[in-house]
Amino acid sequence: MTIRTRFAPSPTGYLHIGGARTALYNWMFAREHGGQFILRIEDTDQKRAVKGAVQALMDALRWMGLDWDEGPEVGGPHGPYIQSERAALYRRWADRLLADGHAYKCFCTADELKARRAAQKAARGDQGYDRRCRHLSPDEVAARERDGLPFAVRFKAPIEGVTVIPDVIRGDITVPNAQIADAVLLKSDGLPTYHLANVVDDHFMEISHILRADEWISSAPLHINLYAAFGWPHPVYAHLPLVLNPSGRGKLSKRTQAFDDGGREVLIKVEEFRDAGYLPQALNNFLANVGWAFGDDREKFPIEEAIPRFRLEDINPAPTRLPYDKLDWLNGQWIQDMEPLELARAVKPFLERQGHEVGAEALLAVAPSLRVRLKRLTDAAGFLKFLWEDGDAAPLTAGRLANNKLPGDAVRRGLQAARDYIAGAQPFDAETLGAGLTAIGEAHTTNGKAGPFLGVLRLAVTRQDVSPPVFESIVALGRERALARLDAAIALLAGQ
RNA sequence: GCCCCAUUCGUCUAGCGGCCCAGGACGCGGCCCUCUCAAGGCCGAAACAGGGGUUCGAGUCCCCUAUGGGGCACCA
């Protein structure tokens with residue numbers, strides 16, 4: 001059997017991180033088995049459609065590296081892959097169900113249904129459609145049609161017995177048929193509901209496995225009965241654990257929780273993760289680790305290595321929160337493994353977006369040390385502040401430059417020696433500077449260690465107490481600017 | 001209210017009857033290394049929701065309770 005999976009989002013605006021995980025798992029499973037991964041747009045509710053959403057969805061999937069074999073923009077033998085363009089097909093199969101007696105026309109209006117639902121709720125009775133149109137006689141139906149009343153098509157769900165959903169992750173799920181509502185299949189606007197469209201499409205698109213979120217379990221019995229009514233075999237089901245809010249309360253949603261306990265913004269859209277400076281490799285790695293585990297106690301891995309080990313049976317069925325702290329760590333690990341040039345290139349657009357123009361040479365000089373410091377690409381600006389903040393921004397004082405390991409005028413003499421050395425250092429790189437400046441430092445401290453002096457040098461050159469390693473910082477700053485700052489510091493000391 | 005799903009350290013997880021007085025990771029604390037901050041190394045605190053069974057033996061199987069989650073739309 002050819003493995004065919006699909007990701008079927010509705011275009012309501014963006015790719016939700018939970019949806020991204022669903023997409024990732026579908027993609028991994030298809031890739032593992034040499035099958036196909038299909039992207040289908042479920043836009044049968046025009047009210048919810050958002051312009052540009054399909055593009056945003058595709059951009060996010062592509063950024064994650066999840067390529068689809070069939071779907072919008074790539075086509076395929078089972079198209080179109082946008083449900084609103086398949087309306088005729090759904091109508092045809094709804095008619096078939098009507099003709100076979102598996103469905104019926106419902107003339108109840110939205111307002112009537114709403115009122116009855118409210119009454120049911122008030123009476124604390126059973127909820128769901130009361131099936132009244134199911135019992136309309138042929139004459140009654142004909143009369144209503146003659147009056148031109150709009151109608152929806154409802155499924156005639158079984159009332160007795162139970163329906164069993166075989167789920168790869170959870171085993172058999174048994175639901176009493178009394179719980180299955182006579183769901184609307186075709187809305188009065190002639191468009192299908194999710195239930196009809198997804199069953200018809202999954203059948204004709206030859207989907208073999210449905211990997212979708214937990215929240216769909218409750219409609220699975222309906223779908224299984226629909227397949228049966230059509231006389232089609234149903235796909236294999238695997239219901240993925242739901243992604244919860246950081247508080248553990250409710251489905252992950254900004255409406256429920258915008259900030260976590262630490263006061264940090266809860267990121268939800270894939271584009272937000274991208275803009276926050278997370279790498280797609282890290283995000284995939286992270287997502288694969290929530291609800292599934294690589295094994296061998298390995299946390300960091302490229303998704304390509306996870307694919308051959310991925311088994312639906314191993315997915316943890318329990319709902320889960322996203323360990324955002326772990327994502328930061330993981331992203332840091334991925335950044336640490338980048339080549340300096342690669343990191344410099346990745347960081348540049350983030351700096352530019354934050355309004356900082358940094359030369360390629362400067363960036364390359366600090367890239368190695370940035371590598372072990374960044375959690376997110378957006379963090380770079382903070383570490384590189386010394387590059388664009390001149391002395392005026394952070395007032396330097398003689399007091400701040402004082403150090404008890406450099407008594408008397410040792411600070412001034414040391415900085416002067418450093419200045420002279422930097423002025424002539426050849427080549428002007430971290431290694432050369434490191435050798436010379438360390439020796440100068442050792443010669444000027446009372447304990448013969450360079451450390452205290454290098455701290456003072458850092459402050460004089462970067463005007464920060466915390467900075468990348470001082471030698472690299474000097475290279476990044478450039479000889480001229482480094483000398484100018486040293487001169488200023490020396491003048492400050494001489495003037496006291 | 002009804003139905004369904006789930007329940008191992010704070011969090012993400014390993015564990016599919018004896019290898020578990022429960023392993024890894026993040027986070028947290030301590031130490032080491034160290035030019036600051038990191039990174040890295042070492043050490044530490046930290047969990048089988050509760051109760052009944054089944055079994056020679058239960059984190060692992062069954063039942064009940066509790067708790068959390070999902071659903072009960074002409075939304076997906």
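Because the structure is predicted, anything quoted here is derived from the model rather than measured. Chain letters run A, B, ... following the sequence lines, proteins first, then strands; residues in each count from 1.
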Rounded distance in Å - CD1 (A:Ile165) to P (B:C5): 8 Å

Interatomic distance at P, B:G59 relative to B:U8, whole Å: 15 Å

Modelled atom types, side-chain donor and acceptor of A:His223 and A:His195, under 3.5 Å: yes

ring-ring contact (aromatic ring centres under 6.0 Å, His included) partner of A:Phe204, chosen from A:Tyr90, A:Tyr81, A:Trp93: A:Trp93

Of A:Phe383 and A:Val184, the one whose closest RNA chain B nucleotide lies more 5': A:Phe383

Atom-pair distance (CG on A:Asn331; C1' on B:C26), nearest Å: 14 Å

A:Arg311/A:Asp314 ion pair, N-O < 4.0 Å: yes

Side-chain-base donor-acceptor pair under 3.5 Å for A:Gln120 and B:G1: no

From CA spacing to verdict: side-chain contact (heavy atoms from CB on, under 4.5 Å), A:Val475, A:Leu433: CA-CA 9 Å; A:Val475 175; A:Leu433 291 174; 3.6 Å; yes

Between B:C72 (P) and A:Tyr129 (OH): distance, integer Å: 17 Å

Atom-to-atom span, CG of A:Asp182 to P of B:C74 - whole angstrom: 11 Å

Note: A:Asp130-A:Arg132 ion pair, threshold 4.0 Å (strictly below): yes

Sugar-phosphate, base or nothing in reach of A:Glu299, heavy atoms under 4.0 Å: base

Sugar-phosphate only, base, or nothing, as touched by A:Asn316 at under 4.0 Å among non-hydrogen atoms: sugar-phosphate

Partner residues of A:Phe294 under the ring pair (Phe, Tyr, Trp, His ring centres under 6.0 Å) criterion, sequence neighbours left out: A:Phe301

Distance, P atom - from B:G44 to B:A25, rounded to whole angstrom: 12 Å

Closest to side chain of A:Arg458, choosing from B:U36, B:C26, B:A39: B:U36

Any N/O donor-acceptor pair, A:Arg170 side-chain to B:C5 base, under 3.5 Å: no

Any strand: nucleotide that pairs with B:A66 via Watson-Crick or wobble, under 3.5 Å: B:U7

Parallel, tilted or perpendicular: rings of A:Tyr324 and A:Phe286 (30°, 60°): tilted

Any donor-acceptor N or O pair under 3.5 Å, side chains A:Arg170, A:His239: no

Complementary nucleotide of B:C2, counting Watson-Crick and G-U pairs under 3.5 Å: B:G71

Gap between atoms CD1 and P, on A:Ile173 and B:A6 respectively (whole Å): 7 Å

B:C26 versus B:C21 - spacing of their C1' atoms, nearest Å: 25 Å

5' priority, RNA chain B, between A:Gly128 and A:Lys375 [closest heavy atom]: A:Lys375

Sugar-phosphate, base or nothing in reach of A:Val290, heavy atoms under 4.0 Å: sugar-phosphate

C1' atoms of B:C74 and B:G70, separation to the nearest Å: 22 Å

Rounded C1' spacing from B:C43 to B:G18 in Å: 31 Å

Under 4.0 angstrom between A:Lys187 side-chain N/O and B:A76 OP1 or OP2: yes

Lys NZ or Arg CZ of A:Arg131 over A:Tyr129 ring: under 6.0 Å, within 45°: no

B:G40 and B:C19, which share atom name C1', separated by this distance in whole Å: 32 Å

Short N-O contact, A:Asp201 and A:Arg6, less than 4.0 angstrom: no

Atom-to-atom span, CG of A:Asp325 to P of B:U11 - whole angstrom: 13 Å

Distance between C1' atoms of B:C48 and B:A22 (Å, rounded): 8 Å

Atom-pair distance (CZ on A:Arg321; P on B:G27), nearest Å: 18 Å

base_contact_polar (B:C74 base, A:Ser188 side chain, donor-acceptor, <3.5 Å): yes

N/O contacts under 3.5 Å, protein versus nucleotides 68-71 of chain B?
unit_1	atom_1	unit_2	atom_2	d
B:G69	OP1	A:Arg249	NH1	3.4
B:G70	OP1	A:Lys251	N	3.0
B:G71	OP1	A:Lys251	NZ	2.8
B:G71	O4'	A:Ser218	OG	3.3
B:G71	O2'	A:Ser218	OG	2.8

Inter-nucleotide P distance (B:U60, B:A49), Å rounded: 8 Å

A:Glu442 with A:Lys449: basic N within carboxylate O range, under 4.0 Å: no

Sugar-phosphate only, base, or nothing, as touched by A:Arg298 at under 4.0 Å among non-hydrogen atoms: nothing

Spacing between A:Asp260 atom CG and B:G27 atom P, to the nearest angstrom: 14 Å

Sugar-phosphate only, base, or nothing, as touched by A:Gly291 at under 4.0 Å among non-hydrogen atoms: sugar-phosphate

Complementary nucleotide of B:U34, counting Watson-Crick and G-U pairs under 3.5 Å: none

Base paired to B:C56 (Watson-Crick or G-U; both N/O distances under 3.5 angstrom): B:G18

Charged tip of A:Lys156 within 45° of A:Tyr104 ring normal and under 6.0 Å: no

RNA chain B contacts among residues 429-453 of chain A, heavy-atom distance under 4.0 Å: A:Gly451

